[in-house]
Asker: 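Mind looking over this structure? Questions follow.
The sequence lines fix the lettering, A, B, ..., with proteins before strands; numbering per chain opens at 1.
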Number of protein chains: 2
Amino acid sequence: MKVILVYDINEKRVTKVLKTCRKYLNWVQNSVFEGEISEAKLVKLKMELKKIIHEDEDSVIIYTFRSAWYTNRETIGVKKGVQELII
Amino acid sequence: MKVILVYDINEKRVTKVLKTCRKYLNWVQNSVFEGEISEAKLVKLKMELKKIIHEDEDSVIIYTFRSAWYTNRETIGVKKGVQELII
C-alpha cells in the first residue's frame with residue numbers, strides 16, 4: 001500500500017524520527033514522507049516510532065491508500081525531496 | 001476534489017500562510033491541512049499562497065485526489081486538528 005506520513009515532533013526527537021522514516025519511505029519535504037510500503041513494514045515503522053516519540057507531545061499522522069493514490073502532487077516554491085510521482 | 005496540503009515556510013511568513021489555508025481547508029497538524037475544495041477555490045488558494053511565499057525558499061505541496069481518498073488516517077501521539085475522516 002501507499003502512504004503519506006507527516007509529523008510534528010519536539011526538536012529533541014525529530015532527527016531520530018527522520019532517520020527512522022528514511023529507512024522505509026521517501027523524504028518529500030520537512031516532516032513529510034511518502035512511498036510504497038508493505039503492511040508488515042508499516043507495523044514495524046509504527047513500533048519504532050512509538051519507541052521514540054512522546055505520545056503526549058508529539059504527533060505522527062499516517063495516511064494510507066489501499067487502492068488509488070493521489071491524482072496529482074504539485075509543489076509551489078522550492079522542490080525539496082522526491083519529485084517523481086509514486087503511482 | 002479532496003486535497004492534502006503540507007508546507008514548509010520561513011517563520012516570517014508561516015502565520016500568513018496558516019491563515020490563508022484556514023479559509024479553505026481544515027487544519028490537521030502543524031503545517032498540514034486537508035479537505036474538500038472546488039477547482040476554482042483551489043486556483044484561488046494557490047494564487048493567494050504565491051503572493052505570500054518566497055518561491056526560492058518556501059515550499060507548499062498539494063496532493064489532489066479526484067476520485068478516491070485516503071483509506072485510513074491514523075494518528076500516533078497527540079491528536080491535534082480535525083479528527084473525523086473526510087470521505
Asker: To the nearest 0.5 Å, how far apart are CD1 in A/Ile76 and CG in B/Leu45?
Answerer: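 Separation between the atoms: 7.0 Å.
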Asker: Working to the nearest 0.5 Å, report the span between CG of A/Asn30 and CD1 of B/Ile9.
Answerer: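 The CG atom of A/Asn30 sits 10.5 Å away from the CD1 atom of B/Ile9.
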Asker: Sequence neighbours left out, what passes ring-ring contact (aromatic ring centres under 6.0 Å, His included) with A/Tyr63? Give chain and number order.
Answerer: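 Only B/Tyr70 meet the ring-ring contact (aromatic ring centres under 6.0 Å, His included) criterion with A/Tyr63.
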Asker: Do A/Met1 and A/Leu49 belong to the same hydrophobic cluster, where Ile, Leu, Val, Met, Phe, Trp and Tyr are linked whenever their side-chain heavy atoms lie under 4.5 Å apart, directly or via other members?
Answerer: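 Yes: a chain of side-chain contacts under 4.5 Å links A/Met1 to A/Leu49.
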Asker: Please assess A/Ile62 against B/Arg73 for the test side chain to side chain contact (heavy atoms under 4.5 Å, CB included), listing each intermediate value before the final yes or no.
Answerer: CA-CA 6 Å; A/Ile62 302 172; B/Arg73 164 158 54 82; over 6 Å; no
Asker: Restricting to non-hydrogen atoms, name the atom on B/Gln29 and the atom on A/Val60 that form the minimum distance, rounded to 0.1 Å.
Answerer: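 Smallest heavy-atom distance, with atoms named: NE2-N, 4.0 Å.
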Asker: Give the interface residues of residues 11-20 of chain B toward chain A, defined by a heavy-atom separation under 4.5 Å.
Answerer: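 Result: none.
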Asker: What do you reckon, is NZ of B/Lys23 surrounded by more than 12 foreign heavy atoms closer than 6.0 Å?
Answerer: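 Atom NZ in B/Lys23 is crowded, with more than 12 foreign heavy atoms closer than 6.0 Å.
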Asker: Please flag which part of B/Val6 lies under 4.5 Å from any non-hydrogen atom of chain A: side chain, backbone, both or neither.
Answerer: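 For B/Val6, the contact with chain A is made by backbone and side chain together.
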Asker: Against chain A, label B/Ile61 side chain, backbone, both or neither, depending on which of its atoms sit under 4.5 Å from a heavy atom there.
Answerer: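 Both parts, backbone and side chain.
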Asker: Ignoring hydrogens, what is the shortest heavy-atom contact between A/Val78 and B/Ser59? Give both atom names and the distance.
Answerer: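 A/Val78 and B/Ser59 have their closest heavy atoms at O-OG, 3.0 Å.
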Asker: Verify side chain to side chain contact (heavy atoms under 4.5 Å, CB included) between B/Thr64 and A/Glu74, making sure each step is shown before the conclusion.
Answerer: CA-CA 8 Å; B/Thr64 48; A/Glu74 180 183 350; over 6 Å; no
Asker: For B/Leu5, is it the side chain, the backbone, both, or neither that has a heavy atom closer than 4.5 Å to a heavy atom of chain A?
Answerer: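 For B/Leu5, there is no contact with chain A at all, as no heavy atom is under 4.5 Å.
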